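What follows is a single structure, written as structure tokens, with notes after it.
Lettering follows sequence order; numbering is per chain, from 1. What you see is a predicted model, and the numbers here were worked out from it, not measured in a lab.
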Number of protein chains: 2
Amino acid sequence: MREPDAEPCCPPLTERPFTAEEAERSARMFKALGDPVRLRLFTAVASHEGGEACVCDISDVGVSQPTVSHHLKKLREAGLLTSERRGTWVFYRVEPSVLAAMGRLLRAPAPA
Amino acid sequence: MREPDAEPCCPPLTERPFTAEEAERSARMFKALGDPVRLRLFTAVASHEGGEACVCDISDVGVSQPTVSHHLKKLREAGLLTSERRGTWVFYRVEPSVLAAMGRLLRAPAPA
DNA sequence: CCCTTGGTTCGATAACTGTCTATGTTGACG
DNA sequence: CGTCAACATAGACAGTTATCGAACCAAGGG
């Protein structure tokens, strides 16, 4: 009843070869995290108190402020973060289903 | 006693903001998997019988042979795959420590 | 109102990346 | 040797991306 994007997406990486479509979908997530600046922003949001952070809390990653905004947009477009304006500030939080999906992707096979 | 690269690398994504160096290292892995073709190649190797596959087993991903070779090289350089020549064929297998490292990265926090 | 502060959007640019064709290289087999 | 099959490397090119400064938009105070 939610968004159609809430599906499990893909089996574990080690289960079987991905189809083109599965690969396309999963690659988007990996690609979004495949940049050092974005990874720092993501971990900053994910580990911030209350599960959310305003941009001003996490902007200290060594690039200009427009660049921070650009990367946050990419993370939003990849479905990893959501944003909400509250008064003067904009708060970002991790999309909850995402970590579950990634965990599923990396679930190890039978350990022997 | 093994390679110095066998370190845990990084804490879970949700534990604390990554340092620049941690982000750099982890992003390399994510970036390598952030391409649909590479993801198909990786899953094909990871799921192949015996834990390894010759290039000829996995080359059917819709791009030319040199392109396959190029992507396999990227996966090797990222430390995700290793290769070994045996006679005419070259076999690729998943670097075992990698899945463990990725699993650690995505370990969920306390679920409440 | 105007100004300040927090963020986003725009436009430009340099760097990187995925893809191809063409060419090498390596090993097996007559 | 010569040839063939399996992969890799080299070089070229188009498309994408990370970055910046400048301009813009939104919300609160004076």
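Going from atom CZ of B/Arg86 over to atom C1' of C/dA28 covers 16 Å, rounded to whole Å. Atom NE2 of B/His71 is separated from atom C1' of C/dC16 by 14 Å (rounded to the nearest Å). One atom, CG of B/Leu81, and another, P of D/dC7, lie 14 Å apart when rounded to the nearest Å. The distance from atom CG of A/Leu41 to atom C1' of D/dT19 is 14 Å, rounded to the nearest whole Å. Between A/Lys74 atom NZ and C/dT9 atom C1' the separation is 15 Å, expressed in whole Å. Rounding to whole angstrom units, NZ of residue A/Lys31 and P of D/dA18 are separated by 8 Å. The distance between atom CZ of A/Arg40 and atom C1' of D/dT19, rounded to the nearest whole Å, is 16 Å. Rounded to whole Å, atom C1' of D/dA18 lies 14 Å from atom CG of A/Leu75.
In this structure, OG in B/Ser47 is found 10.0 Å from CZ in B/Phe42, a value given to the nearest 0.5 Å. In this structure, SG on A/Cys56 lies 7.5 Å from CH2 on A/Trp89, to the nearest 0.5 angstrom. The CG atom of B/Asp35 lies 12.5 Å from the CZ atom of A/Phe30; values are rounded to the nearest 0.5 Å. Once rounded to the nearest 0.5 Å, the distance linking CE of A/Met102 with CG of A/Leu80 reads 7.0 Å.
Phosphate contact (OP1/OP2 of D/dA18, side-chain N/O of A/Thr67, threshold under 4.0 Å): absent.
With sequence neighbours excluded, no residue forms a salt bridge (Lys or Arg N to Asp or Glu O under 4.0 Å) with A/Arg76.
Across all strands shown, A/Arg38 has heavy atoms under 4.0 Å from sugar-phosphate atoms exclusively, and none from any base.
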Using a cut-off of under 3.5 Å, enumerate the N/O to N/O pairs linking the protein to nucleotides 3-8 of chain C.
| from | atom 1 | to | atom 2 | distance (Å) |
| --- | --- | --- | --- | --- |
| C/dG7 | OP1 | A/Val55 | N | 3.4 |
| C/dG7 | OP1 | A/Cys56 | N | 3.2 |
| C/dG7 | OP2 | A/Cys56 | N | 3.2 |
| C/dT8 | OP1 | A/Tyr92 | OH | 2.8 |
| C/dT8 | OP2 | A/Ser69 | OG | 2.6 |
| C/dT8 | O5' | A/Ser69 | OG | 3.1 |

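Of all nucleotides listed (D/dC20, C/dC16, C/dC20), C/dC20 comes nearest to the side chain of B/Ser64. Residue A/Asp35 places its side chain closer to D/dA18 than to any other of C/dG18, D/dA18, C/dT9.
Residues B/Gln65 and B/Ser59 fail the side-chain proximity criterion, which asks for heavy atoms closer than 4.5 Å.
Listed by first then second residue, pairs satisfying salt bridge (charged side-chain N to carboxylate O under 4.0 Å, His left out) with a partner in residues 36-59 of chain B read B/Glu52-B/Arg86, B/Glu52-B/Arg93, not counting sequence neighbours.
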